[in-house]
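Please read the structure below before turning to the comments.
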Amino acid sequence: MSNESIASVTHEPGSFEHTYQPKTAFTRWLDARLPVIRFAAHFMAMPTPRNIKYVWAFGAILAYFLVVQLYSGIILAMHYAPNSAIAFDSIEKLMRDTSYGWLMRYTHVVGASLFFFAVYIHMFRGMYYGSYKSPREVLWMIGVAIFLCMMATAFMGYSLVWGQMSFWAVTVITNLFSSFDSIYPGLGTAIVQWIWGGFSVDNPTLNRLFSLHYMVPFVLVALVALHVWALHVVGSNNPTGIEVRDVKKETLPFHPYFTTKDMFAIAAIAILFAYIVFWMPNYLGDVVNYEPANPLKTPPHIVPEWYFLPFYAILRAIPSKLGGVIAMFGAIVVLFFIPWLDTSRVRSCRYRPIFKWLFWVFVFDALALGYIGSQPAEGSWVFWGQVFTVYYFVHFLVLMPLVGLIETPSPMPESIEDDVKRKAKSTQPQAVPAE
Amino acid sequence: MATTIDDDQQGGINRRDFIYIGTAAFAAIGGAAAMWPLIDQWNPDASTLSLASIEVDLAPIQPGQAITVLWRGKPIFIRNRMPEEVEKAKAVDVKELKDPDAEVIGTANLPATDANRTKPGKEKWLVMIGICTHLGCIPKGQSAGDEKGPYGGWFCPCHGSAYDTSGRIRMGPAPRNMEIPPYRFVEDTKIKIG
């Protein structure tokens, strides 16, 4: 796992570079002026470990959902009116009167949910196989920044519906900034009124949320480009967590081998996507948001969309307003630091007998926080919310550094090739000497 | 020649260094100043600021009844309190309160007595901004059938903050009493808010 081995991935003879030869007069002419085809050919030939599993397909699945969200979103913006008086009605009109308007909107709404579903699996995969460790720290951190952009975009998009849940979610979340009043009196109020453009959530707020909901995804696209660039520099991780040593034996060019595999995965998830869009489009949403926004009536139970529930549970677990805000943002900020919080030199949990279990405890913790976030903040839910919030931070800040120091890794294969060969031996029937 | 290169470089500092620092400082200050309009355009605009006052006729509000009006996009709770509710609010020792400030907009360090949160001679009228100081929900307690919480005032269903009959925070996560907007009686039963 030294830096030499990283460099060898892309520069060793026998890597899949420099295979492009322009064949026609036009492509030769273009290649001398703008080598865009050469770039694409080189780019798509990235040596990719041949042992990666289907869980590695979630990167491509995320790219698919990003495109779906951009297309459907640009179409929705053609029908949506970002004005508090008619925003809700413009969406109802889209749903009822516009040809296929319902399809455009449900695609965007369900697409957002599946985008988060995919990103969570993608992140958990990175955590299990140690994909955040050297030399992939920057790749991982750009990923966390992408996740933050996704959250901001999804929150702002949800507010545009201007239903009861939209309105009150914006009210509650923007009011989080008023907690700065406890640092310096008046500071929080000034920030909140600046965000609102008034003395309450109103039309100016909706207008700027719409503008930013359209803008942030392009920042996201730029970050994705950096993420993919960083991936091409360091190469994909793989289930063994061992760096590629022999490009010829241990990798395959990304295209056509993994484009094909990823297309299959995308097709599978697209079936799920279509099923939800056509048969249960509102299953993941909250019915209260089909009531127009009313600034005089708070819904009895304010809950965010499912993908924010764990963070909402952390926010509510802390009895102080400022403390809750710090904990909620801290829960995401801590992810930026895990490349250094994890002290183990072994990447993959496959060879980490203790941390493997702690990973699954963490997954359970995240799911439990999600469930608690959906429940009213009263009775024993408050207590359990606090228990699981504490564990969330203990996992990263205590267990991750500590376990790396005390754990004895299980025996590891010499290389990816070695691992693949051993697997092949153990699964194939043993050769029996002829009698 | 009045100066030579040697003169310029005395002490390791020359004129060019000064020009670099001066240029960078000028660009930074100019850049920051140019940013300000881009930030300030988000603040409440002139039309929002000018919608500052409304008049409300209190005559139709019966004792024990409450109404909600909208001022600057915020709900204003106006309750015609029963004498026993006023007594209950007056009987509270300010030292017991979580927030000892009256939270009357435009004042500071005013003790949170019921008298300070109402107008002299008009104690039965409580006029306040009906927004929970926790995260901005609208507390329950305006309608007859609403849950008013253990202190008989208002109860926020979002995170369980309870307010007394003077709108002061008594229980739950909210940090402050509900605010009293600037208002005055223009007639015996008419107020102007703002």
Quiz item: Does NZ in K122(B) sit with more than 12 non-hydrogen atoms of other residues, nucleotides or ligands closer than 6.0 Å?
Solution: yes
Quiz item: Is it the backbone or the side chain of I302(A) that comes under 4.5 Å from a heavy atom of chain B, or both, or neither?
Solution: side chain
Quiz item: How long is the span from the OG1 atom in T205(A) to the CH2 atom in W42(B), to the nearest 0.5 Å?
Solution: 9.0 Å
Practice problem: With the side chain counted from C-beta on, respond yes when L296(A) and L70(B) share a heavy-atom pair under 4.5 Å apart, and no when they do not. | Solution: yes
Quiz item: Does CG in N109(B) sit with more than 12 non-hydrogen atoms of other residues, nucleotides or ligands closer than 6.0 Å?
Solution: no
Quiz item: Closest heavy-atom contact between L135(B) and N175(A)?
Solution: O-ND2, 3.2 Å
Quiz item: Taking the side chain as C-beta and beyond, is there a heavy-atom pair between C137(B) and T171(A) under 4.5 Å?
Solution: no
Quiz item: If you draw a 6.0 Å radius around CZ in F364(A), do more than 12 non-hydrogen atoms from other residues or ligands fall strictly inside?
Solution: no
Quiz item: Within the side chain of R72(B), is there an N or O that forms a donor-acceptor pair under 3.5 Å with the backbone of S200(A)?
Solution: no
Quiz prompt | Heavy-atom contact with chain B under 4.5 Å, split by part of I173(A) | solution = neither
Quiz item: Hey, which of V382(A), I195(A), D181(A), V172(A) has the most heavy atom pairs under 4.5 Å with chain B?
Solution: V172(A)
Quiz item: If we only count heavy atoms from C-beta on, is the T298(A) to C158(B) side-chain gap below 4.5 Å?
Solution: yes
Self-check item: Distance in Å, K140(B) NZ paired with K297(A) NZ, rounded so as to fall on 0.5 Å steps
Solution: 7.0 Å
Quiz item: Do I138(B) and W168(A) have side chains that get closer than 4.5 Å, going by heavy atoms?
Solution: yes
Exercise. Of all the heavy-atom pairs spanning Q41(B) and R208(A), show the shortest one and how long it is.
Key: O-NH2, 4.3 Å
Quiz item: Does atom NZ of K98(B) have more than 12 heavy-atom neighbours, drawn from other residues, nucleotides or ligands, at distances under 6.0 Å?
Solution: yes
Quiz item: With a 4.5 Å heavy-atom cut-off, do W196(A) and T48(B) have their side chains touching?
Solution: no
Quiz item: At what distance, to the nearest 0.5 angstrom, does NZ of K74(B) lie from CG of D202(A)?
Solution: 12.0 Å
Quiz prompt | Top contributor to chain A contacts, counting heavy-atom pairs under 4.5 Å, from C156(B), P175(B), G73(B) | solution = G73(B)
Quiz item: W194(A) versus I39(B): any side-chain heavy-atom pair under 4.5 Å?
Solution: yes
Exercise. Give the member of G136(B), G160(B), P157(B), C132(B) that has the highest number of heavy-atom pairs under 4.5 Å with chain A.
Key: G136(B)
Practice problem: Drop me the distance from R176(B)'s CZ to S178(A)'s OG, to the nearest 0.5 angstrom. | Solution: 7.0 Å
